Number of protein chains: 2
Amino acid sequence: MDNLKISKTKKVSKGDILLSFGDIATTAYKVESGCLRSYVIDNVGKEHILQFAPEDWFIGDMDSATNKKPSNIFIDAIEDSEISIISTEVLKDFTNLEKELLVEMSTKLRNNLIATNKRVISLLSATAKERYIEFTETYPTLVQRLPLKLIASYIGITPEYLSDLRRKISKSQKK
Amino acid sequence: MDNLKISKTKKVSKGDILLSFGDIATTAYKVESGCLRSYVIDNVGKEHILQFAPEDWFIGDMDSATNKKPSNIFIDAIEDSEISIISTEVLKDFTNLEKELLVEMSTKLRNNLIATNKRVISLLSATAKERYIEFTETYPTLVQRLPLKLIASYIGITPEYLSDLRRKISKSQKK
DNA sequence: ATCACTTCTTAAGGTATCTTAATTTTTATC
DNA sequence: GATAAAAATTAAGATACCTTAAGAAGTGAT
């Protein structure tokens, strides 16, 4: 289950930017240790996190890599990390790939799509509080590990409001 | 580009339900004419539309079909439609599929994932007004064709508020 | 054409979530 | 271990969007 062409690993420091708005993505990343994230910056300059990628996760801009167009997102390291670099050549055209790799790709794409669909459902139909609780259940280790403001950005609320929610939640649990 | 096992077509009437909450999905649908939609019902009984499927689109519950678990969604016809029924057996395990089919699947999954990611970005970072304008640009034919309340549900707002937004938008264009 | 039904509009008041800003707590650095 | 820097908390006021409700305008069936 690891047939993607992978370079030897590389170390990056917290804060290092691996992909910027406007770049055309030619590589994606597999995180060996540490944590990366992808995010957009909206019209009013605010960041919104699309993905966290801790150990064993992949991260990249599939749209930019597939369609050779300038990226709308940023990818950076939110912890000192060790990463493998993966060429995204394969994404553009699947016809010449080996069968084994195709099976791996399809499986990853399918699972990613299922997860992303769940996130859409959550954003459409759940309150901020519900989304936060979902996040803690889905990513219990990340909740411990990441600063509150990054979690707030991922679930689509401000850090101030998440702080508030946490207080309310812990208050209601004490009874 | 049409190697999925497809039955002969079937006619369904507006309002017919093809998949209900709690069902385990064993089929997906390709729409030949008309339009289907998928949606969830939230904690307070409100519908949220996940997808519209007009002509030539596929629709189904990939999570339920892949993992053989009860669906969280509904699929129904929002117009009288003609559909082809596709077995979702293939989704569970890709290892035994022909290469050609794998290429087709991967491509569809990749494109779907790119589109779904864009929707997440939009829900996280755009206002209701911006999301509506995006929708009109992305699906100009659907805007004409679908009732306002379904569009509102898709972009994550109430029909009353969308009606308001439309008025404001047309007012600002008249100047 | 008429009646029922659904969709759309409009408006008033309400709520979830945001903004701003000041204070406290935690973390990192020399 | 002191100081600076970053993160988290708290609170007050603001706003985007929702709820409710009532009327208007379409749409379909007889």
Side-chain angles (χ1 to χ4, degrees), chain A residues 13-16 34-35 37 39 41-49 52 76-80 122-136 142-172 174, chain B residues 13-16 34-35 37 39 41-49 52 76-80 122-136 142-172 174:
Chain A
S13 301
K14 180 172 171 174
D16 286 357
C35 194
R37 65 162 177 169
Y39 61 99
I41 298 186
D42 70 18
N43 292 336
V44 297
K46 215 159 125 189
E47 291 178 4
H48 304 274
I49 296 181
F52 296 115
D76 67 11
I78 55 181
E79 297 175 358
D80 293 343
S122 180
L123 287 168
L124 283 175
S125 67
T127 63
K129 185 176 173 182
E130 290 165 342
R131 295 202 304 277
Y132 173 65
I133 289 171
E134 257 177 45
F135 184 90
T136 63
L142 291 183
V143 177
Q144 321 274 41
R145 184 170 164 182
L146 299 177
L148 168 150
K149 68 181 218 177
L150 296 185
I151 295 171
S153 171
Y154 182 91
I155 65 180
I157 63 177
T158 61
E160 293 84 357
Y161 190 51
L162 178 52
S163 180
D164 237 57
L165 287 176
R166 273 187 174 170
R167 181 165 35 131
K168 282 176 194 156
I169 290 166
S170 76
K171 216 181 269 175
S172 73
K174 273 177 196 152
Chain B
S13 301
K14 180 172 171 172
D16 286 357
C35 194
R37 66 161 177 171
Y39 61 99
I41 297 186
D42 71 19
N43 293 336
V44 297
K46 215 159 125 190
E47 292 178 4
H48 304 273
I49 295 181
F52 296 115
D76 68 11
I78 55 181
E79 298 175 358
D80 293 344
S122 180
L123 287 167
L124 283 175
S125 67
T127 63
K129 186 177 172 183
E130 290 166 341
R131 296 202 302 277
Y132 173 64
I133 290 171
E134 258 177 46
F135 185 89
T136 63
L142 291 183
V143 176
Q144 321 274 41
R145 183 168 164 184
L146 300 176
L148 169 150
K149 69 182 221 179
L150 295 185
I151 296 171
S153 171
Y154 182 91
I155 65 179
I157 63 177
T158 59
E160 293 83 359
Y161 190 51
L162 179 52
S163 179
D164 237 56
L165 287 178
R166 273 188 172 169
R167 182 166 34 132
K168 282 175 196 156
I169 290 168
S170 74
K171 219 183 268 176
S172 72
K174 274 178 198 153

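Letters A, B, ... are given to chains in the order of the sequence lines, protein chains preceding strands, and every chain is numbered from 1. What you are looking at is a predicted structure, and each value in this text was computed from that prediction instead of being measured.
- Looking at B:Ser13, its side chain never comes within 3.5 Å of a backbone N or O of B:Asp16 through a donor-acceptor pair.
- In this entry the distance linking CD1 of B:Ile155 with C1' of D:dA16 reads 13 Å, nearest Å.
- Between the CD1 atom of A:Ile151 and the P atom of D:dA7 there is a distance of 13 Å, given to the nearest Å.
- Checking the phosphate oxygens (OP1, OP2) of C:dT10, a side-chain nitrogen or oxygen of B:Arg167 falls inside 4.0 Å.
- Remark: P of C:dT17 and CG of B:Leu124 are 14 Å apart, rounded to the nearest angstrom.
- Rounded to a whole Å, the CG atom of A:Asn43 is 14 Å from the P atom of D:dA16.
- Of the side-chain N and O atoms in B:Thr158, one or more sit less than 4.0 angstrom from OP1 or OP2 of D:dC18.
- Considering only side-chain N and O atoms, B:Lys46 lies under 4.0 angstrom from the phosphate OP1 or OP2 of D:dT19.
- Put simply, the side chain of A:His48 gets close to the backbone of B:Leu124: a donor and an acceptor are under 3.5 Å apart.
- Note on ring orientation: taking the six-membered ring where Trp is involved, the planes of A:Phe52 and A:Tyr154 are parallel (angle under 30°, cut-offs 30° and 60°).
- With rounding to whole Å, B:Asp164 atom CG is found 11 Å from D:dC17 atom P.
- Atom NZ in A:Lys168 sits about 11 Å away from atom C1' in C:dT15, given to the nearest Å.
- The interatomic distance linking A:Tyr161 (OH) with D:dA12 (C1') rounds to 16 Å, in whole Å.
- The line from CD of A:Gln144 to CG of A:Leu142 is 9.5 Å long, rounded to the nearest 0.5 Å.
- Between the P atom of D:dA21 and the CD atom of B:Glu160 lies a distance of 12 Å, rounded to the nearest Å.
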